[in-house]
Amino acid sequence: MTERSPVLSVRGLSVRFLLPGGRRIAAVTDAHFDVAPGECLALIGESGCGKSVLASALLGLLPANARTAGHARLGDLDLLTSDERTLARTVRGRRIGLIPQSPAAHLTPVRTIRSQLQETVAQLTGVRGRAALRTAAEQAAARAEFPPDHLDRHPHELSGGLAQRAATALALVGEAPLLLADEPTTGLDRDLVDRTVDELRRHVDADRALLMITHDLAAAERIADRVAVMYAGRIVELTAADTFFGAPGPRHPYSRGLLEALPDRSFTPIPGLPPELGDLPDGCAFAARCDRATDACTALPPFTDSVACHHPVPAPTPEDIRA
Ligand SMILES: Nc1ncnc2c1ncn2[C@@H]1O[C@H](COP(=O)(O)OP(=O)(O)O)[C@@H](O)[C@H]1O
Ligand code: SF4
Ligand SMILES: [Mg+2]
C-alpha cells in the first residue's frame with residue numbers, strides 16, 4: 001500500500017500566551033503529527049492540556065496575546081503564517097470544516113437551520129437562486145442525517161443530538177478535505193455519543209481527514225485510527241488506536257493512567273493534578289504523578305519511537321509476540 005500525502009502536517013507547533021508582567025503560558029509545545037485522507041487522528045488528554053489552543057492555532061483563531069512557532073501545512077499553505085484574510089476566505093469552512101464543541105452556541109439562535117444552511121451554501125459554493133439554494137441546503141442536511149422535517153426549526157427547538165447534526169451539516173457544506181472536531185460529544189448521552197461518532201466516521205470513510213479532539217476515550221476508541229496523547233501542552237505518545245486500546249497498550253505512563261482511570265478498566269484515577277502551564281518543570285512534566293520516575297526524568301524526555309518518556313513501558317519483543 002502506498003502512503004498517501006497528509007492533508008495536514010504539523011511540525012514543531014508551539015503556542016505561548018503572553019500575560020501582563022511578563023508571564024508566559026506554554027499552552028502547546030513542539031507538536032508534531034500528520035493527518036491523512038480517510039484517517040481519524042484522536043487528540044486526547046485531560047482538560048486544560050492545550051487541545052483547544054492547538055485547534056485555534058490551526059484555524060487562525062488565537063487571541064492577540066498568543067505567539068506561535070513551527071509549521072502547520074495544509075497543502076501549499078502554512079496555517080501559522082497565513083494572514084486573516086486568507087484564513088477567512090479560503091481556509092475556515094472551505095479547507096477545514098469545524099465541528100464545534102458547543103453546537104447550540106455555534107448556531108445562530110434567531111434563524112432556522114434551513115436559513116443558516118442556505119446562507120453557508122451561498123457563501124461557500126457557487127450555488128445561486130432560491131430553488132437551487134433550497135435544494136443544496138436540503139442535500140447538506142441529508143449528508144449529516146439532519147431530518148428534513150426539522151429544517152424550519154430554530155436551534156433551541158432541537159435536541160442536543162440534532163443540534164450537533166445541524167452543526168455537522170454546516171461544517172460539511174464546503175466539502176473541506178479536513179474536518180476538525182473539538183469535543184463534539186460533550187454533553188451528549190452515551191447513545192448519542194456513539195451515533196455522533198459513527199456519523200463522523202462515515203465522513204472519514206468518504207476520504208475526509210478528521211482531527212478529533214476529545215477527553216472521551218470511549219469516543220476516541222470508537223472512531224480513531226491513531227491516537228495522540230497530550231499532557232501539559234506536549235504530545236507525549238502517538239500510536240495506532242488498535243495498539244493503544246488493545247494489546248500491548250500504550251507505552252507512556254500517563255497514557256496508561258488515562259486508560260486505567262476508565263470505569264470499565266481499573267477505575268483508578270491518576271494521582272495529583274497536571275502542572276500549571278505557566279510554571280512547567282524543566283524535565284518531564286508528568287514526573288510528580290509518575291510511578292516510574294527516576295532522577296533521569298529531571299531532563300526533558302525526547303520523543304523517540306512514538307513516545308516521550310525516559311522509562312516507557314517496554315514494547316513487546318518478537319519473542320513476546322510469538323509466545
Ligand atoms: N487567551 C489565553 N490567555 C492565557 N492562557 C490561555 C488563553 N487561552 C487558553 N489559555 C490556557 O491554555 C491552556 C490550555 O487550554 P485549552 O487548550 O483550552 O485546554 P483543553 O482544550 O485541552 O481543555 C489552559 O491552561 C488555558 O488556561
Ligand atoms: S519521563 Fe520519567 S517521569 Fe516522565 S513519564 Fe517517563 S518515567 Fe514518568
Ligand atoms: Mg478544549
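Note that this is a predicted model, so its numbers are computed, not measured. All ligand and atom numbering here is 1-based and tracks the order in the structure. One-based numbering along the sequence shown.
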Decide if atom CZ of Arg89 counts as having more than 12 heavy atoms of other residues, nucleotides or ligands within a radius under 6.0 Å.
no
Work out which heavy atom in Val307 is nearest to a heavy atom in His252; give both atom names and the distance.
CG2-CB, 3.6 Å
Is it true that Arg195 and Glu145 have a side-chain N and a carboxylate O under 4.0 angstrom from each other?
no
Side-chain ion pair, Lys51 and Asp182, N-O less than 4.0 Å
no
Over 12 non-hydrogen atoms of neighbours within 6.0 angstrom of CD in Glu276:
no
Should Glu84 and Arg92 count as an ion pair when the cut-off is N to O under 4.0 Å?
yes
Could you tell me whether Asp279 and Arg24 have a side-chain N and a carboxylate O separated by less than 4.0 Å?
no
Restricting to under 2.8 Å, identify the protein N, O or S atoms around atom 2 (Fe) of ligand 2 as residue plus atom.
Cys297 SG
Within a strict 4.5 Å, meaning less than it, do heavy atoms of the Phe33 and Leu43 side chains meet?
no
Every pair of nitrogen or oxygen atoms between ligand 1 and the protein that is under 3.5 angstrom apart - can you list them with their distances to 0.1 Å?
| unit_1 | atom_1 | unit_2 | atom_2 | d |
| --- | --- | --- | --- | --- |
| ligand 1 | 17 (O) | Lys51 | N | 3.4 |
| ligand 1 | 17 (O) | Ser52 | N | 3.1 |
| ligand 1 | 17 (O) | Val53 | N | 2.8 |
| ligand 1 | 19 (O) | Gly48 | N | 3.4 |
| ligand 1 | 19 (O) | Gly50 | N | 3.4 |
| ligand 1 | 21 (O) | Ser52 | N | 2.9 |
| ligand 1 | 21 (O) | Ser52 | OG | 2.9 |
| ligand 1 | 22 (O) | Cys49 | N | 3.1 |
| ligand 1 | 22 (O) | Gly50 | N | 3.1 |
| ligand 1 | 22 (O) | Lys51 | N | 3.0 |
| ligand 1 | 22 (O) | Lys51 | NZ | 2.9 |
| ligand 1 | 23 (O) | Gly48 | N | 2.6 |

Subset of ligand 2 atoms that lie under 4.0 Å from at least one heavy atom of His252
5 (S)
What closest approach, in Å, do Ala232 and Pro275 show between heavy atoms, and which atom pair accounts for it?
CB-CG, 4.1 Å
Closest heavy-atom contact between Arg289 and Leu273?
CD-O, 3.4 Å
